[in-house]
Number of protein chains: 2
Amino acid sequence: MTDALSTTLAALADPTRRAILARLATGEASVNELAEPFDMTLAAVSKHIKVLESAGLVTRGRQAQYRPCKLEAAPMREVASLVEFYRKFWEQNLDQLDTYLKHLQTPKSDTTN
Amino acid sequence: MTDALSTTLAALADPTRRAILARLATGEASVNELAEPFDMTLAAVSKHIKVLESAGLVTRGRQAQYRPCKLEAAPMREVASLVEFYRKFWEQNLDQLDTYLKHLQTPKSDTTN
DNA sequence: GTAGTATTCAACAAAACAGTTGAATATAGA
DNA sequence: TCTATATTCAACTGTTTTGTTGAATACTAC
C-alpha cells in the first residue's frame with residue numbers, strides 16, 4: 001500500500017479525518033480547535049492529523065506553541081481522476097434506470113407496476 | 001467506520017482492488033480471470049472481491065460453476081461529490097502557482113529567482 | 001526559573017486487515 | 001456416480017490501525 005493514491009484514499013476513509021478536513025476548508029486551525037468536536041483524546045486527534053499529513057492532505061506551520069494545520073487538497077486530484085474514469089458507468093446505469101422508468105409510464109407496458 | 005462513504009473509500013484504498021475494478025470496467029469476469037494477474041492465492045482475491053461487494057462496487061451473478069463479477073460504479077458518486085467539494089482548493093493553489101510563475105517572468109521582478 | 005498551554009511521544013491493548021493453507025461446497029459433464 | 005473446475009470457508013498468522021494513558025517537549029508569560 002505504498003502508492004500515493006492508496007495512502008490518500010486510506011486517509012479519507014475515516015469520518016473523523018474527513019471532518020477534520022471539512023473544518024480546515026473553513027480556514028487554518030490548531031490541534032485543540034480541531035479536536036474539540038470529537039469524543040477522543042487529543043493524542044488520538046494528533047495521530048489522525050499525522051495520517052492526513054503523511055498523505056499530504058494537511059501541512060503545518062508554527063506560531064508560538066501552536067502548530068496550525070492547513071488544508072492541502074492537491075492529493076485529491078488523483079482521487080478525482082480515478083472516479084472520473086468510472087463516471088460513465090454510473091451515468092450509464094442511471095440512464096438505464098431512467099429509460100426503465102419512462103418505459104413503465106408508457107400506456108402499452110401497463111403491468112400494474 | 002460504518003458509513004457507506006468510508007466503506008467505499010476503504011475498498012478503493014488498495015491497489016489490488018482498484019486493479020480488479022479496472023479489469024471489470026472492460027466487462028464481467030470470473031474470479032479466476034480476475035485473480036490471474038496477481039501473485040496471491042485465489043482465496044485472497046476472493047476476499048478482495050468480497051470487500052468490493054460489501055462496498056457495493058461489485059455485484060455477482062451465477063453461471064454454471066462461475067460467479068461472474070460485474071462493476072457497479074454507483075457508490076463512487078459519493079466519492080466524486082466529496083472530492084468535488086475540495087476542487088476549488090486545489091485549483092486555487094494551482095492559480096496561485098500560476099500567478100507566481102507569471103510574476104517571475106515579469107521584467108520588473110527580476111530577482112534571478 | 002516557574003507555571004501554564006499546546007502538542008507529541010512511548011508503551012500498551014484491542015480490533016481490523018491481508019494473506020496462507022487445507023478442507024468444503026457447487027456445478028458440469030462423462 | 002466419479003472427476004474436474006470454480007469458488008468459498010475456517011482456522012491461523014503476522015501486520016497495521018485506532019485508541020488509551022502518562023510522561024516529555026516546546027513555547028509563552030510572569
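Hydrogens, waters and symmetry mates are skipped; everything else that's a heavy atom, side chains included, is used. Nothing here was measured: the structure is a model prediction, and the numbers come from that model. Lettering follows sequence order; numbering is per chain, from 1.
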### Task
Find out whether B:L57 and B:L24 are in side-chain contact, i.e. whether some heavy atom of one side chain is under 4.5 Å from a heavy atom of the other.
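No - every pair of side-chain heavy atoms lies 4.5 Å or more apart.
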For [N], take OP1 and OP2 only and decide whether either is under 4.0 Å from a side-chain N or O of [X].
| X | N | value |
| --- | --- | --- |
| B:S46 | D:dT8 | yes |
| B:H48 | C:dG19 | yes |
| B:R60 | D:dA6 | no |
| A:T41 | D:dT20 | yes |
| B:S30 | D:dA6 | no |
| B:N32 | D:dT7 | yes |

Quickly work out the [X] [atom1] to [N] [atom2] distance and round it to whole Å.
| X | N | atom1 | atom2 | answer |
| --- | --- | --- | --- | --- |
| B:Y66 | D:dT5 | OH | C1' | 7 Å |
| A:K50 | D:dG19 | NZ | C1' | 14 Å |
| B:L34 | D:dT7 | CG | C1' | 12 Å |
| A:D14 | D:dT16 | CG | P | 18 Å |
| A:L52 | D:dT18 | CG | C1' | 14 Å |
| B:M40 | C:dG19 | CE | P | 4 Å |

### Query
Going by modelled atom types, is there a donor-acceptor pair between the base of C:dT20 and the side chain of B:K47 at under 3.5 Å?
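Present.
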### Query
With B:E84, which residues qualify under side-chain hydrogen bond (donor to acceptor under 3.5 Å, both in side chains), at least two apart?
B:R87
### Task
Classify every nucleotide of nucleotides 22-30 of chain D by which part a protein heavy atom approaches to under 4.0 Å, writing B for the base, S for the sugar-phosphate alone and - for neither, in 5'-to-3' order.
----SSS--
